[in-house]
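For reference, the structure discussed in these notes is given below.
Throughout, protein chains are lettered first and strands after them, A, B, ... in sequence-line order, and every chain is numbered starting at 1.
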Amino acid sequence: MSATRCWLVKSEPGAFSFDDLLAAPKKTTSWNGVRNYLARNYMRDLMKKGDKVLFYHSNADPTAIVGVAEVAREAYPDPEQFDPKSEYHDPKSKKDAPTWMMVDIKAVKKLKHPLTLAELKGTKGLEKMVLLQKGSRLSVQPVTPAEFDVIVAAASTARSPAR
DNA sequence: GCCAACGTTGGC
DNA sequence: GCCAACGTTGGC
């Protein structure tokens with residue numbers, strides 16, 4: 001069997017939080033608006049139905065991985081690229097050869113203990129995680145299965161003592 | 001093809 | 001609000 005890939009997506013909770021995803025119909029949303037080629041390539045070429053997805057809150061207080069989701073539908077064209085009124089409109093994209101693709105993401109579970117960026121930085125086994133690399137801005141990024149397991153395990157055990 | 005200027009992301 | 005890092009654009 002081919003190994004299930006793991007991913008991490010970023011969202012600003014003020015725009016779309018994990019709770020928003022849990023409240024969405026079928027706990028599912030289309031991951032539209034990604035306008036970065038590398039992130040697009042991951043979605044278009046590599047994300048498969050059932051792949052696990054970590055949900056990260058950026059520009060938040062605190063910034064943290066807050067939930068687990070999965071790929072519910074594989075890549076299809078993002079309709080907003082063709083909508084002149086959308087902030088994601090791309091006049092250069094052609095209908096018969098769409099530039100931008102998206103997948104559907106479905107919530108699986110909220111983490112009992114969100115893992116903050118600070119905690120992630122102090123967790124053994126995550127030293128090479130893309131999210132923790134300096135200047136890493138990718139909104140859709142790969143996570144190794146080992147990293148995924150470390151994160152889920154850390155989120156299910158007691159929160160690090162605050163005092 | 002190079003690279004400077006600009007816009008955006010995202011932590012702090 | 002600041003600023004470092006990155007991606008994209010466009011002149012040449």
Side-chain angles (χ1 to χ4, degrees), chain A residues 5-24 29-47 51-71 75-105 107 110-144 146-148 150-152 154-155 159-163:
Chain A
R5 293 176 188 272
C6 304
W7 307 94
L8 180 144
V9 297
K10 295 179 183 174
S11 185
E12 300 195 13
F16 192 86
S17 69
F18 192 73
D19 284 339
D20 291 334
L21 183 59
L22 285 170
T29 191
S30 57
W31 207 249
N32 68 326
V34 173
R35 293 296 179 266
N36 171 283
Y37 285 102
L38 187 49
R40 188 278 312 267
N41 291 348
Y42 287 142
M43 290 199 292
R44 184 190 62 189
D45 304 334
L46 297 175
M47 288 179 99
D51 281 4
K52 299 301 180 196
V53 180
L54 297 168
F55 198 103
Y56 176 79
H57 280 172
S58 62
N59 276 320
D61 187 17
T63 56
I65 293 173
V66 295
V68 176
E70 66 181 20
V71 176
Y76 59 108
D78 181 344
E80 291 203 44
Q81 65 194 306
F82 303 121
D83 180 357
K85 293 190 295 293
S86 169
E87 64 175 311
Y88 301 121
H89 181 228
D90 182 352
K92 285 180 295 197
S93 184
K94 307 244 175 28
K95 286 230 175 177
D96 55 356
T99 304
W100 304 111
M101 308 291 280
M102 63 185 185
V103 299
D104 283 357
I105 301 281
K110 196 169 177 171
L111 294 183
K112 232 199 268 179
H113 305 292
L115 286 175
T116 66
L117 187 59
E119 286 172 319
L120 292 168
K121 284 177 179 168
T123 300
K124 222 176 167 188
L126 301 182
E127 294 83 2
K128 292 188 177 164
M129 195 178 173
V130 175
L131 182 71
L132 303 183
Q133 305 312 306
K134 192 175 181 181
S136 173
R137 300 190 328 190
L138 263 183
S139 60
V140 176
Q141 52 183 249
V143 173
T144 68
E147 289 164 348
F148 185 88
V150 165
I151 287 162
V152 171
R159 174 185 291 280
S160 59
R163 56 190 69 98

Check the distance between B:dG11's P and A:Leu120's CG and give it to me in whole angstrom.
11 Å

Integer-rounded Å distance: B:dT9 P and A:Leu38 CG
16 Å

Nearest-angstrom distance from the residue atom CZ of A:Arg35 to P of B:dT8
14 Å

Does the side chain of A:Tyr56 get closer than 4.0 angstrom to OP1 or OP2 of B:dG11 through an N or O atom?
yes

When rounded to whole Å, the CG to C1' distance for the pair A:Leu8 and B:dG10 reads 14 Å

Would you call A:Asp45 and A:Arg40 a salt bridge, using N to O less than 4.0 angstrom?
no

Of the nucleotides B:dG11, C:dT8, B:dG7, which has the atom closest to the A:Arg137 side chain?
B:dG7

Rounded to whole Å, the CD-P distance (A:Glu12 to B:dT9) equals 8 Å

Kindly write out the residues that satisfy side chain to side chain donor-acceptor pair (under 3.5 Å) with A:Glu80, not counting sequence neighbours, or none if the list is empty.
A:Asn32, A:Ser86

Check: A:Leu131 and A:Leu117 side chains under 4.5 Å, non-hydrogen atoms
yes

Between NE2 of A:His57 and P of B:dT9 the distance, given in whole Å, is 17 Å

Is the A:Trp31 to A:Tyr88 ring centre distance short of 6.0 Å?
no

Atom-to-atom span, CD1 of A:Ile65 to C1' of B:dG10 - whole angstrom:
15 Å

So, with a heavy-atom separation below 4.0 Å from DNA chain C, the residues of residues 79-99 of chain A are A:Lys92

As a quick check of understanding, evaluate side chain to side chain donor-acceptor pair (under 3.5 Å) for A:Gln81 and A:Ser93, giving each step before the final call.
CA-CA 7 Å; A:Gln81 65 194 306; A:Ser93 184; 2.7 Å; yes

Would you mind reading off the distance between A:Gln141 atom CD and B:dT9 atom P, rounded to a whole angstrom?
15 Å

Regarding A:Lys95 and the six-membered ring of A:Phe82, is the cationic atom NZ or CZ under 6.0 Å from the ring centre and inside 45° of its axis?
yes

Just checking A:Leu117: base, sugar-phosphate only, or nothing, at a heavy-atom cut-off of under 4.0 Å?
sugar-phosphate

Could you check which of B:dG11, C:dG7, C:dA4 has an atom nearest any side-chain atom of A:Lys134?
C:dA4

Aromatic contact between A:Trp100 and A:Tyr37, with the criterion being ring centroids under 6.0 Å apart: yes or no?
yes

